[in-house]
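Below: the structure, in structure tokens.
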Amino acid sequence: MQIDSLSWFPGHMTKTRRMIAAEIGGMDAVCEIVDARIPLSSRNPDLDELTAGKPRLVVMGHIDQADETLTKRWAAWFRAQGCAAIEVDAKSGTGVKQFAPAVRMLLRDKIAAYEAKGQVGRVLRVMVLGIPNVGKSTFINKVSGRKTAKAEDRPGVTRSKQWVPVDKTLELLDTPGILWPKFDDPAVGVRLAFTGAIRDEVVDVEELAMRLMDYLGTHYPAALEARYKISVAPDEDGWALLEKAGRKRGFLISGGEVDTERMSRILLDEFRAGKLGRFTLEMPPEEG
Ligand code: G4P
């Protein structure tokens with residue numbers, strides 16, 4: 001299944017690049033929000049180049065929906081890449097309190113240098129970046145206590161940058177700029193569609209659900225067995241599992257065929273709502 005970036009989010013890439021280039025000089029650090037269920041697929045691969053070696057804090061969001069053990073392994077992997085990393089559920093606020101101390105730890109040398117110049121309590125400025133739907137505004141609202149709507153990223157809506165205070169000496173730059181994931185690898189688009197970051201309107205829902213069944217059948221068969229009361233054989237393919245689950249639920253159309261479209265939507269909804277459990281859909285690259 002091919003999902004290209006144009007069908008997903010057109011027209012913002014150049015503007016975002018320009019915005020980052022214009023603002024990056026005044027930043028002490030960059031905060032990159034990723035989805036802990038798909039920590040690589042939810043990243044923008046050009047960020048290193050765009051942010052010119054600024055200290056980086058990776059905020060792994062959606063941990064309430066991700067596999068706990070793998071989240072720890074991913075956090076360790078990010079740290080091994082030279083980034084600071086924290087794990088949060090931005091919706092409930094779990095882990096969000098780690099943010100300010102993590103920024104200050106990341107910038108401890110810089111803070112010491114500011115202090116040596118007599119700039120005690122100088123405000124630290126952090127640019128927050130993330131791909132669409134990753135949870136950027138939910139996180140910013142939680143960490144700052146802000147209640148206002150997010151910086152608009154829809155075409156035709158006035159764009160403005162917003163400074164959002166976290167505390168007296170830490171400010172976030174929320175911008176309407178959005179990054180884009182790397183679509184060269186088709187699996188990236190599929191993972192983004194699994195989590196709902198790419199809307200179902202631009203994908204083939206049955207094919208998507210079949211792929212998800214394939215993945216879950218291979219990596220988390222017990223979760224499928226428990227939720228859909230079906231047996232999962234080691235080599236059973238996604239389509240067979242989708243039909244089995246649909247039949248078990250009684251989703252039949254005339255002639256006794258399984259209504260696979262209905263089952264597909266149910267599977268995706270239940271997966272995204274966490275009803276099947278907590279899953280991480282990609283493994284850290286070579287660790288160590
Ligand atoms: P964006 O600014 O990056 O575009 O994303 P936004 O904050 O709007 O978040 C996209 C969706 O992800 C929202 O759900 C939001 O509630 C949810 N979300 C963000 N962070 C987390 C998290 O850590 N855990 C969980 N479980 N969900 C998170 P929505 O369905 O669009 O809206 P709603 O359910 O909040 O009404």
Side-chain angles (χ1 to χ4, degrees), residues 5 8-13 15-16 19-20 30-44 47 57-68 70-72 74-75 78 85-99 102 126-155 157 159-164 166 172-181 188-189 191-203 265-266 268-281:
S5 51
W8 182 42
F9 217 90
H12 289 270
M13 299 181 185
K15 282 183 179 138
T16 300
M19 178 278 293
I20 294 175
V30 170
C31 168
E32 179 187 11
I33 316 270
V34 304
D35 184 330
R37 296 169 295 177
I38 46 170
L40 276 194
S41 296
S42 59
R43 297 188 93 184
N44 173 290
L47 201 63
L57 169 64
V58 175
V59 171
M60 298 176 65
H62 292 265
I63 57 163
D64 52 308
Q65 296 172 305
D67 180 320
E68 255 176 305
L70 286 173
T71 296
K72 297 276 171 243
W74 272 109
F78 280 118
I86 63 169
E87 302 155 32
V88 309
D89 165 3
K91 210 164 174 173
S92 74
T94 303
V96 164
K97 280 205 174 74
Q98 300 167 66
F99 177 73
V126 179
M127 181 188 277
V128 183
L129 293 168
I131 64 164
N133 303 327
V134 77
K136 186 159 78 92
S137 43
T138 306
F139 175 74
I140 292 177
N141 290 351
K142 210 52 149 194
V143 83
S144 65
R146 177 179 77 166
K147 295 207 169 50
T148 55
K150 57 175 148 183
E152 281 291 351
D153 55 16
R154 282 181 289 126
V157 175
R159 292 139 204 278
S160 62
K161 59 179 189 186
Q162 290 177 14
W163 285 107
V164 186
V166 173
L172 305 181
L173 181 61
D174 183 17
T175 66
I178 45 96
L179 297 171
W180 53 97
V188 169
R191 289 188 199 108
L192 288 160
F194 283 162
T195 64
I198 293 178
R199 289 171 298 115
D200 289 342
E201 288 78 59
V202 300
V203 301
R265 293 194 189 280
I266 295 279
L268 292 166
D269 282 354
E270 295 192 348
F271 172 77
R272 292 170 190 156
K275 289 183 180 159
L276 281 88
R278 299 167 58 162
F279 306 104
T280 299
L281 301 173

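Worth saying up front: this structure is predicted, and the values here are computed from it rather than measured. Both ligands and their constituent atoms are indexed starting at 1 by order of listing.
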(request) Give a yes or no answer on whether the side chain of Thr280 reaches the backbone of Asp67 with a donor-acceptor pair at less than 3.5 Å. (result) yes
(message) Please check this pair: side chain of Arg272 against backbone of Phe194, looking for a donor-acceptor N/O pair closer than 3.5 Å.
(response) yes
(request) Mind checking whether Thr138 contacts ligand 1 via backbone (N, CA, C, O), side chain (CB onward), both or neither, at a 4.0 Å heavy-atom cut-off? (result) both
(message) Only heavy atoms of Asp89, strictly under 4.0 Å: list the atoms of ligand 1 that pass.
(response) 22 (C), 23 (O), 24 (N)
(message) Distance under 4.0 Å to a non-hydrogen atom of Lys136: what atoms of ligand 1 satisfy this?
(response) 1 (P), 2 (O), 3 (O), 5 (O), 7 (O)
(message) Salt bridge or not between Asp174 and Lys136? Use side-chain N to carboxylate O under 4.0 Å.
(response) yes
(message) Taking the basic N atoms (NZ, or NE/NH1/NH2) and the acidic carboxylate oxygens, is any pair closer than 4.0 Å for Asp35 and Arg43?
(response) no
Is it the case that ligand 1 has an N or O less than 3.5 angstrom from some N or O of [X]?
X      : value
Ile63  : no
Ala90  : yes
Val134 : yes

(request) Please indicate whether Glu270 has more than 12 foreign heavy atoms, meaning atoms of other residues, nucleotides or ligands, lying under 6.0 Å from its CD. (result) yes
(request) Evaluate the criterion side-chain hydrogen bond (donor to acceptor under 3.5 Å, both in side chains) for residue pair Thr138 and Asn141; output intermediate values, then yes/no. (result) CA-CA 5 Å; Thr138 306; Asn141 290 351; over 6 Å; no
(request) Compare Glu87, Gln65, His62, Arg272 and give the one whose heavy atom is closest to atom 18 (N) of ligand 1. (result) His62
